[in-house]
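One structure is given here, and the rest of the page talks about it.
Ligands are counted one by one from 1 in listed order, and the atoms in each one are counted from 1 as well. Below, each value reflects all heavy atoms present in this structure, side chains not excepted, and no hydrogens, waters or symmetry copies.
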Amino acid sequence: MSLKGKTAVVTGSNSGIGLGVARELAKAGADIVLNSFTDRPEDHDLAASMAAEFGVTVRYIQADMSKGEDCRALIEKAGVCDILVNNAGIQYVSPIDEFPVEKWDAIIAINMNSAFHTTAAALPMMRQAGWGRVVNIASAHGLTASPFKSAYVAAKHGVVGMTKVIALETAQEDITCNAICPGYVLTPLVEQQIPATAKEYNLTEEEAVAQVILSRQPSKQFATTEQIGGTAVFLCSDAAAQITGTTISVDGGWTAL
Ligand code: NAD
């Protein structure tokens with residue numbers, strides 16, 4: 001599978017799943033736009049080292065996915081966007097009656113609204129190119145729920161719904177839109193949930209991983225960023241040209257339960 005000549009914009013890609021997806025797309029030959037809200041020398045160094053490793057063009061563009069105008073500016077600055085991976089996301093764990101309003105607003109903005117803004121900006125570019133792929137990194141929490149994650153579950157269900165609408169609006173063009181629904185992947189986002197989960201359930205951190213986090217994942221293994229990236233590459237392949245408006249779970253059997 002070669003994605004040579006295609007440009008992929010991956011939101012929230014200086015860490016975790018976004019970085020894993022960007023690396024697999026680069027390995028498949030795509031030029032990459034990395035993004036996060038920071039603008040540190042190490043962000044630009046990451047782009048330079050990926051470019052050298054994979055022999056593709058890699059740019060780093062700072063944009064805050066909690067702000068609609070930044071989301072749209074990211075796509076405009078990229079200039080071309082054949083593959084859009086909406087990945088940026090944050091988490092916060094709290095009972096709903098104690099859920100801080102600013103955390104709710106931030107999760108809805110970054111995890112859901114950003115995909116609306118980036119897709120709205122990218123679709124005209126995809127239409128002009130006559131080809132496009134939108135890959136939304138949703139979650140098992142886009143299909144099912146857990147206590148204490150009201151904003152996250154609401155945002156991810158919203159992304160799955162938006163995925164279907166984008167697919168219908170582009171169905172007669174060579175553009176697809178799908179959502180990947182990972183189960184637990186050991187990234188900084190999950191690592192920071194371990195103490196909060198331990199506190200909510202009154203467990204040690206080791207018990208929280210075994211009894212709460214991986215209890216939902218029948219394989220009892222974390223999925224890897226490479227596996228999520230490989231799934232994204234598949235969704236960009238010709239074999240997936242008729243796959244649109246759906247979800248692919250990479251969750252060790254979680255949603256089969
Ligand atoms: P992570 O914390 O490692 O990465 C999140 C990325 O988003 C980082 O690059 C961060 O800089 C970026 N980001 C955060 N706020 C941003 C903002 N305002 N603007 C721009 N970028 C911002 O987390 P991750 O686990 O890699 O999560 C990536 C995506 O995968 C999220 O949407 C998350 O909901 C989803 N997901 C993760 C898991 C998991 O188990 N890790 C499971 C299912 C879904």
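- Because its NZ or CZ atom is not both nearer than 6.0 Å to the ring centre of F222 and within 45° of the ring axis, R216 does not count as a cation-pi partner of that residue.
- A donor-acceptor distance shorter than 3.5 angstrom exists from the side chain of S2 to the backbone of K4, with no hydrogens or angles considered.
- Inter-residue side-chain proximity for I83 and V9 is flagged as unmet; no heavy-atom pair is nearer than 4.5 Å.
- Between the SG atom of C177 and the CZ atom of R133 there is a distance of 11.0 Å, given to the nearest 0.5 Å.
- Atom 42 (C) of ligand 1 has G183 O, 3.0 Å as its closest protein atom, hydrogens excluded (heavy atom only).
- A donor-acceptor pair under 3.5 Å is absent between the side-chain atoms of D31 and the main chain of T7, judged by distance alone.
- Within the 4.0 Å heavy-atom criterion, neither part of S114 lies near ligand 1.
- Of the N and O atoms on the side chains of H44 and D39, at least one donor lies less than 3.5 Å from an acceptor on the other residue.
- The protein atom (non-hydrogen) at minimum distance from atom 9 (O) of ligand 1 is N14 OD1, 2.6 Å.
- If you check the side chains of N35 and T11, you find no donor sitting under 3.5 Å from an acceptor.
- Note: Y184 and W254 meet the aromatic proximity criterion, with ring centroids under 6.0 Å apart.
- In this structure, the protein non-hydrogen atom closest to atom 25 (O) of ligand 1 is T187 OG1, 2.4 Å.
- Side-chain contact annotation: N178 with T246, donor-acceptor N/O pair under 3.5 Å absent.
- Taking a cut-off of under 4.0 Å to the non-hydrogen atoms of Y184, the atoms of ligand 1 that pass are 40 (O).
- Using a 4.5 Å heavy-atom cutoff, the side chains of V10 and V33 are not in contact.
- Heavy-atom proximity to S66, at under 4.0 Å, picks out these atoms of ligand 1: 18 (N).
- For the pair I90 and N111, the minimum side-chain heavy-atom distance is below 4.5 Å.
- Looking only at protein heavy atoms, the nearest one to atom 6 (C) of ligand 1 is G12 O, 3.3 Å.
- Scanning the protein for heavy atoms near atom 16 (C) of ligand 1, the closest one is F37 CD2, 3.3 Å.
- Considering only heavy atoms from C-beta on, Q221 stays 4.5 Å or farther from L214 through its side chain.
- Here the shortest heavy-atom distance to atom 40 (O) of ligand 1, taken over T11, N87, V185, belongs to V185.
- Nearest protein heavy-atom contact of atom 4 (O) of ligand 1 is S15 OG, 3.6 Å.
- Within ligand 1, the atoms closer than 4.0 Å to a non-hydrogen atom of G16 are 3 (O), 26 (O), numbered from 1 in the order shown.
- Among protein heavy atoms, atom 5 (C) of ligand 1 sits closest to G89 O, 3.7 Å.
- Listed by atom number, the atoms of ligand 1 under 4.0 Å from D64 heavy atoms are 17 (C), 18 (N), 19 (N).
- In this structure, F222 does not count as a contact residue of ligand 1, since none of its heavy atoms falls inside 4.0 Å of the ligand.
- Ranking the protein heavy atoms by distance from atom 36 (N) of ligand 1 puts Y152 OH, 3.5 Å first.
- Defined by atom type and a distance below 3.5 Å, a donor-acceptor pair is missing between the side-chain atoms of K77 and Q62.
- With a 4.0 Å heavy-atom cut-off, ligand 1 is reached by the backbone of I17 and by its side chain too.
- When heavy-atom distances to ligand 1 are checked against a 4.0 Å cut-off, V190 comes that close only through its side chain, counted from C-beta outward.
- Near P188, meaning under 4.0 Å from one of its heavy atoms, ligand 1 places the atoms 3 (O).
- Judged by the shortest distance from any of its heavy atoms, A63 lies inside the 4.0 Å radius around the atoms of ligand 1.
- The shortest distance between side-chain heavy atoms of S139 and C181 does not fall below 4.5 Å.
- F99 has its ring centre less than 6.0 Å from the ring centre of Y92.
- Residue A140 has no N or O atom closer than 3.5 Å to an N or O atom of ligand 1.
- Nearest to atom 2 (O) of ligand 1 by heavy-atom distance, out of I228, L189, I107, is L189.
- Ligand 1 has a nitrogen or oxygen under 3.5 angstrom from a nitrogen or oxygen of S36.
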Could you walk me through whether L74 and M65 pass the side-chain contact (heavy atoms from CB on, under 4.5 Å) test, one step at a time?
CA-CA 9 Å; L74 168 65; M65 293 298 104; 3.7 Å; yes
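- Near S13, with a cut-off below 4.0 Å to any heavy atom, the atoms of ligand 1 are 9 (O).
- For ligand 1, one of its N or O atoms has an N or O atom of K156 under 3.5 Å away.
- Between M65 and ligand 1, an N or O atom pair is found at a separation short of 3.5 Å.
- Polar contact check, I90 against ligand 1: no nitrogen or oxygen pair lies under 3.5 Å apart.
- Within the 4.5 Å cutoff, the side chain of I75 has heavy atoms near those of the L84 side chain.
- Under 4.0 Å from ligand 1, the heavy atoms of N35 that appear belong solely to its side chain.
- Shown in contact with I110 at under 4.0 Å from a heavy atom are these atoms of ligand 1, numbered in order with element: 18 (N).
- By the 4.0 Å heavy-atom criterion, A138 is counted among the residues contacting ligand 1.
- Using a non-hydrogen distance threshold of 4.0 Å, A106 does not register as a contact of ligand 1.
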